[in-house]
Amino acid sequence: MEEKMSSLVNNCNLQDVNPIMMALPYPPIQVQRKNQQYANLLSVDYCGSVSEMSAITQYINNENRMSCEKCPLVKTILGIAMAEMIHLQKLGELIFLLGGTIDFTARYRDGKHRVWTPEYLNIPNNIRNMLLADIEAEKAAINQYRMHMKIIKDSDVNAVLSRIIKDEEYHILLLKAMVREQL
């Protein structure tokens with residue numbers, strides 16, 4: 001007797017997803033001069049515990065875990081992750097121009113170096129808590145960018161960070177709306 005195999009199919013087509021970000025141009029990626037201290041600060045934004053690398057990985061993990069259940073939600077999460085990838089790329093360019101090293105090592109002001117790890121992620125069990133964790137991560141990123149902008153005395157670098165903050169604020173608005181839809 002032949003058993004029928006059941007199959008699961010994900011009918012959520014993600015090919016039309018684009019980065020979700022503010023419809024504003026980014027300032028030119030340039031720096032006034034090389035500055036290792038600034039490069040080190042940006043390395044924390046690039047791949048520290050609160051970083052674009054952490055955001056991308058957390059969003060992709062959430063998207064994968066939701067993919068068969070909530071297609072519109074998944075598309076938004078993926079679009080936000082794509083915007084975070086653009087942020088990561090822009091930070092990498094700035095770090096390079098500042099004379100820093102791009103190797104997934106966050107270089108902290110206390111002299112400690114830490115390689116990025118998935119242990120930085122918050123991976124809740126349900127969709128609502130995933131969205132709430134994403135909101136908190138976006139808020140932490142904004143706070144960290146603002147703190148770094150107070151230290152960095154390069155208007156070109158700060159213009160890029162300010163533009164990234166606009167996307168992060170927009171992501172919070174979208175995530176809060178998605179949380180309300182989950183109630």
Side-chain angles (χ1 to χ4, degrees), residues 13-35 37-63 66 70-100 102 104 106 116 120-121 130-181:
N13 182 351
L14 301 176
Q15 291 182 336
D16 62 341
V17 176
N18 292 308
I20 295 177
M21 50 203 313
M22 295 294 292
L24 300 168
Y26 274 88
I29 304 299
Q30 60 191 28
V31 301
Q32 293 172 359
R33 68 191 61 79
K34 289 189 177 201
N35 185 310
Q37 179 190 9
Y38 296 171
N40 290 349
L41 283 172
L42 295 184
S43 76
V44 175
D45 298 323
Y46 188 86
C47 63
S49 59
V50 174
S51 68
E52 298 299 336
M53 187 68 196
S54 293
I56 292 163
T57 309
Q58 186 165 307
Y59 281 122
I60 293 298
N61 181 274
N62 289 348
E63 178 268 322
M66 295 178 205
K70 307 260 186 183
C71 190
L73 189 72
V74 165
K75 287 183 175 190
T76 302
I77 293 295
L78 183 58
I80 293 172
M82 293 167 77
E84 305 296 353
M85 290 176 201
I86 291 168
H87 299 164
L88 185 77
Q89 187 272 334
K90 295 198 179 301
L91 289 172
E93 284 185 40
L94 288 172
I95 291 167
F96 176 79
L97 291 173
L98 289 164
I102 303 158
F104 297 105
W116 186 86
Y120 292 153
L121 306 180
M130 286 180 205
L131 296 171
L132 292 172
D134 292 340
I135 290 167
E136 291 309 309
E138 293 283 3
K139 287 179 181 178
I142 290 167
N143 289 336
Q144 183 169 283
Y145 280 128
R146 287 185 176 143
M147 182 179 68
H148 288 172
M149 288 173 69
K150 289 178 183 174
I151 298 167
I152 295 171
K153 304 301 180 207
D154 183 320
S155 59
D156 294 319
V157 173
N158 283 339
V160 175
L161 298 182
S162 180
R163 174 60 186 81
I164 289 172
I165 287 172
K166 288 180 182 1
D167 287 339
E168 308 298 25
E169 291 170 336
Y170 182 52
H171 296 162
I172 290 171
L173 292 173
L174 293 171
L175 291 163
K176 284 181 175 180
M178 289 188 287
V179 168
R180 284 191 298 274
E181 290 173 13

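All residue numbers refer to positions in the sequence shown, counting from 1.
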Flag side-chain contact, heavy atom, 4.5 Å: [X] against [Y]:
X: Tyr38; Y: Lys153; value: yes
X: Ile152; Y: Leu42; value: yes
X: Ile77; Y: Leu131; value: yes
X: Ile151; Y: Gln37; value: yes
X: Ile80; Y: Glu63; value: no
X: Thr57; Y: Tyr120; value: no

Heavy-atom donor-acceptor pair, [X] side chain to [Y] backbone, under 3.5 Å:
X: Gln144; Y: Val50; result: yes
X: Ser162; Y: Asn158; result: no
X: Ser54; Y: Ser49; result: yes
X: Arg146; Y: Ile165; result: no
X: Lys75; Y: Asn13; result: yes

For this session: Could you check whether the rings of Tyr46 and Phe104 sit parallel, tilted or perpendicular, using 30° and 60° as the cut-offs?
Result: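 Tilted, since the angle between the ring planes falls between 30° and 60°.
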Exercise. Of Glu84, Lys166, Lys176, which is the lone residue that meets side chain to side chain contact (heavy atoms under 4.5 Å, CB included) with His171?
Worked result: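 Of the listed options, the one satisfying the test is Glu84.
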Problem set entry | Partner of Glu168 under side chain to side chain contact (heavy atoms under 4.5 Å, CB included), chosen from Met22, Glu52, Lys139, Met21 |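 Between Glu168 and the candidates, side chain to side chain contact (heavy atoms under 4.5 Å, CB included) is satisfied uniquely by Glu52.
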Non-hydrogen atoms of [X] and [Y] that approach each other most closely:
X: Arg163; Y: Pro25; result: NE-O, 3.4 Å
X: Val160; Y: Lys90; result: CG1-CB, 4.5 Å
X: Leu175; Y: Glu138; result: CD1-CG, 4.0 Å

Exercise. Between Asp154 and Asn35, is a side-chain hydrogen bond (donor to acceptor under 3.5 Å, both in side chains) present by the stated rule, with each step listed?
Worked result: CA-CA 10 Å; Asp154 183 320; Asn35 185 310; over 6 Å; no
For this session: Count the heavy atoms belonging to other residues, nucleotides or ligands that lie under 6.0 Å from OH of Tyr170, then report whether that count exceeds 12.
Result: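 No, not enclosed.
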Exercise. Does Phe96 CZ have over 12 foreign heavy atoms under 6.0 Å away?
Worked result: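 No, not enclosed.
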